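All remarks here apply to the structure that follows.
Protein chains get the first letters and strands the later ones, always in sequence-line order, with residue 1 at the start of each. Given the structure is predicted, the values throughout are model-derived calculations rather than measurements.
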There are 2 protein chains.
Amino acid sequence: MLTPERHRKIIEVLGEKSVVTIQELVEATASSESTIRRDLSQLQREKKLKRVHGGASLTHQKSEELSVFEKSERNALEKEKIAQYACDLVQTGDCIYLDAGTTTLRMIPHLKNKEITVVTNAISHLEALSEHEIKTYLIGGLVKSKTKALVGSSAIKSLSSYRFDKVFLGMNGIHIEAGFTTPDPEEAAVKNLAISLSQKAFILADHTKFHETSFSKVAELNEAIIITDDIDDDVIYDFQDKTEVRVVTS
Amino acid sequence: MLTPERHRKIIEVLGEKSVVTIQELVEATASSESTIRRDLSQLQREKKLKRVHGGASLTHQKSEELSVFEKSERNALEKEKIAQYACDLVQTGDCIYLDAGTTTLRMIPHLKNKEITVVTNAISHLEALSEHEIKTYLIGGLVKSKTKALVGSSAIKSLSSYRFDKVFLGMNGIHIEAGFTTPDPEEAAVKNLAISLSQKAFILADHTKFHETSFSKVAELNEAIIITDDIDDDVIYDFQDKTEVRVVTS
DNA sequence: TTGGTTATGATTGTTTTTGATTATTTTTGA
DNA sequence: TCAAAAATAATCAAAAACAATCATAACCAA
């Protein structure tokens with residue numbers, strides 16, 4: 001993993017958790033302890049974070065909250081635009097499903113005062129949802145302690161009792177033949193079900209996800225509408241036979 | 001748990017309760033008394049809180065009427081003993097249901113390394129459960145933003161797909177005629193179902209809960225075994241016709 | 001390719017943190 | 001008021017995390 005990529009990853013993890021251990025980062029980046037230490041030292045010099053014994057924490061400037069994280073996250077601006085666009089699709093009274101993930105997290109502030117009902121499998125979204133006074137249902141399931149998401153057969157069963165006007169999912173890979181894919185089989189199963197329970201399913205994905213394939217298949221391309229940012233016309237051309245692609249322009 | 005994480009947790013707990021005992025913090029953070037003391041000293045130097053005998057309180061707090069124990073958590077010692085006793089009932093391989101509440105929270109540290117499966121409706125328990133590496137299922141349902149518990153018909157439905165070896169519940173009122181009662185009707189419904197899904201149900205209640213009645217009925221006395229601390233023999237005498245009462249002595 | 005540079009990961013000794021223990025102080029209740 | 005109990009502070013050894021160092025691997029330009 002390349003240095004800038006690692007740095008982004010570190011800041012991203014911090015944005016979600018606000019405190020992180022070196023060990024967790026070693027695992028997340030597949031690099032050694034020494035490397036992570038060097039990274040942390042450098043990021044500290046750049047004032048991106050604060051080192052603490054055992055790991056790192058956000059520099060607590062409460063007013064700015066996630067600014068460092070939001071800026072540092074890969075393709076932050078694009079994701080924000082995609083999130084904004086997605087929220088414009090949500091209408092008063094809708095019942096929607098929000099997947100775990102950073103782009104869907106960005107949707108939450110824009111959902112305030114829409115009088116909607118949100119169903120989610122992301123424990124990490126609860127704080128933001130509660131903050132913005134959004135009526136929230138959590139599906140049941142096994143708590144995956146690393147990602148704080150709910151998975152497993154009980155999650156599937158729990159989810160299957162809902163129906164959604166719209167479903168918004170993040171995705172790791174979008175590929176002409178492989179369709180929509182994501183690294184974790186259990187999470188893939190949850191995503192798949194969410195799609196089939198919705199009237200309309202939307203995949204929120206920036207341009208880096210196209211032509212990529214991950215481990216577990218979630219669905220065929222035609223099962224969901226893709227919302228993405230500016231990409232080459234020929235990429236869109238490739239995909240638009242298979243499904244609707246909506247491009248959020250600047 | 002990293003230092004800033006602990007500090008954040010301490011401040012968070014204080015924000016909710018305004019006074020807290022060292023023991024509560026020891027359990028909430030899964031660290032030792034010594035460590036918590038050092039944390040409190042440091043946070044006091046930073047003017048984040050004020051140390052008081054037995055724990056800590058918010059700085060600009062004008063409530064002097066009650067002692068730490070009375071305000072923070074009544075009968076902390078008794079609850080600890082009750083929690084300890086309850087955990088001794090749990091056997092390797094058991095699948096148990098843990099209700100929301102302070103006494104059940106106290107059980108978590110003692111459940112470590114028991115290789116059990118925990119099902120809960122308490123989002124606020126997840127941190128401690130994860131910290132102690134306990135396999136955890138969360139039931140689904142409406143997120144009650146105040147108490148961070150899962151309630152409602154979907155919680156009922158989600159819960160009903162589990163079966164338990166043992167169920168441990170907190171309770172607000174235990175009364176000869178009114179039976180087990182609690183303030184919130186929705187939470188009462190969840191508790192009631194949990195009892196009926198278990199082979200054995202235990203109510204964890206210190207002596208202050210006896211002869212009290214709250215708003216919503218959870219169950220009849222004979223539906224669960226009561227675990228309590230030292231109380232007058234005549235109180236036990238009153239109840240033991242109706243159900244089994246186990247008294248945890250000092 | 002080659003030579004020079006940089007990044008990486010293992011290893012070392014050092015420092016910090018932690019939790020247990022002990023002694024001291026404070027609180028409680030008779 | 002005094003003695004017992006609880007909470008605190010001080011101390012210390014063990015564990016964890018740290019910085020420094022170094023050899024190796026990857027990279028880059030000529």
Side-chain angles (χ1 to χ4, degrees), chain A residues 1-10 13-14 17 19-46 49-57, chain B residues 1-10 13-14 17 19-46 48-57 63-81 83-84 106 108-110 112-113 128 131-133 206-207 229-230 232 248-250:
Chain A
M1 196 178 243
L2 267 34
T3 309
E5 197 176 350
R6 271 202 322 273
H7 287 193
R8 260 199 307 271
K9 183 79 187 174
I10 291 170
V13 172
L14 261 181
K17 302 189 39 177
V19 196
V20 69
T21 66
I22 297 230
Q23 282 316 313
E24 284 173 306
L25 292 174
V26 165
E27 217 174 304
T29 62
S31 27
S32 74
E33 209 175 295
S34 302
T35 301
I36 296 295
R37 284 184 200 289
R38 274 185 287 258
D39 286 342
L40 294 184
S41 299
Q42 186 181 340
L43 288 169
Q44 169 160 293
R45 280 197 301 278
E46 294 169 9
L49 51 76
K50 199 178 78 188
R51 290 194 70 178
V52 297
H53 201 86
S57 84
Chain B
M1 199 176 235
L2 265 34
T3 310
E5 206 174 353
R6 276 199 319 270
H7 288 192
R8 200 168 48 87
K9 184 81 191 175
I10 291 170
V13 172
L14 263 180
K17 310 183 42 177
V19 202
V20 68
T21 65
I22 298 238
Q23 278 316 310
E24 285 174 287
L25 293 173
V26 164
E27 281 165 32
T29 62
S31 31
S32 74
E33 204 177 299
S34 302
T35 301
I36 295 297
R37 284 185 198 288
R38 276 185 286 255
D39 286 342
L40 293 183
S41 299
Q42 185 181 341
L43 288 168
Q44 171 161 268
R45 280 197 301 278
E46 294 170 7
K48 300 278 179 60
L49 52 75
K50 200 178 76 188
R51 291 193 69 177
V52 295
H53 201 85
S57 81
S63 51
E64 304 297 330
E65 327 94 51
L66 297 172
S67 82
V68 192
F69 295 102
E70 289 171 308
K71 262 219 96 166
S72 139
E73 196 182 318
R74 278 176 119 57
N75 315 308
L77 193 64
E78 286 80 358
K79 286 185 176 177
E80 176 62 29
K81 279 181 200 152
Q84 173 68 65
R106 280 171 180 275
I108 295 173
H110 304 294
K112 193 168 188 173
N113 301 325
E131 186 77 27
H132 292 94
E133 297 164 343
D206 62 72
H207 61 270
D229 58 308
D230 259 330
D232 293 347
V248 182
T249 52
S250 310

B/Met1 CE - C/dT18 P separation (whole Å): 12 Å

Whole-Å distance, B/Glu33 CD to C/dA23 P, equals 17 Å

Check the phosphate of D/dA19 against A/Arg51, side-chain N and O only, distance under 4.0 Å to OP1 or OP2. Yes or no? yes

Over all heavy atoms of both residues, which pair between A/Leu14 and A/Ala56 is shortest? Give the atoms and the distance, please. CD2-O, 3.7 Å

Strictly below 4.0 Å: does B/Ser31 bring a side-chain N or O up to OP1 or OP2 of C/dT17? no

To the nearest angstrom, the CG-C1' distance between B/Asp39 and C/dT16 comes to 14 Å

B/Leu2 has an atom CG; how far is it from atom C1' of D/dA17, in whole Å? 10 Å

Provide the closest heavy-atom pair for B/Leu25 versus B/Leu40 in the form atom of the first, atom of the second, distance. CD1-CD2, 4.1 Å

Looking only at side chains, do A/Glu46 and A/Gln42 share a donor and an acceptor under 3.5 Å apart? yes

Taking all non-hydrogen atoms of both residues, which atom of A/Ser31 and which atom of A/Arg6 are closest, and how far apart? OG-CD, 3.3 Å

Contact class for A/Ser41 (heavy atom, under 4.0 Å): base, sugar-phosphate, or nothing? nothing

For C/dA30, which nucleotide is its Watson-Crick or G-U wobble mate, given both distances must be under 3.5 Å? D/dT1

For A/Gln23 and for A/Arg38, find the nucleotide of DNA chain D with the closest heavy atom, then tell me which residue's nucleotide is more 5'. A/Gln23

Just the rounded figure in Å: distance from P of C/dG19 to NE2 of A/His53. 12 Å

Does a side-chain N or O from B/Thr35 land closer than 4.0 Å to OP1 or OP2 of C/dG19, or not? yes

Quick one: B/Ile22 CD1 to D/dA6 P, roughly how many Å, whole number? 15 Å

Please check the phosphate of C/dG9 (OP1 and OP2 only) for any side-chain N or O of A/Ser34 closer than 4.0 Å. no

List the atom of A/Arg51, the atom of A/Ser41, and the distance in Å for their closest heavy-atom pair. NH1-OG, 2.9 Å

Length of the CZ-P vector between A/Arg6 and D/dA26, whole Å: 15 Å

At 4.0 Å (heavy atoms only), tell me whether A/Val52 reaches a base, stays on the sugar-phosphate, or touches nothing. sugar-phosphate

C/dA20 C1' sits how many Å from B/Arg37 CZ, rounded? 13 Å

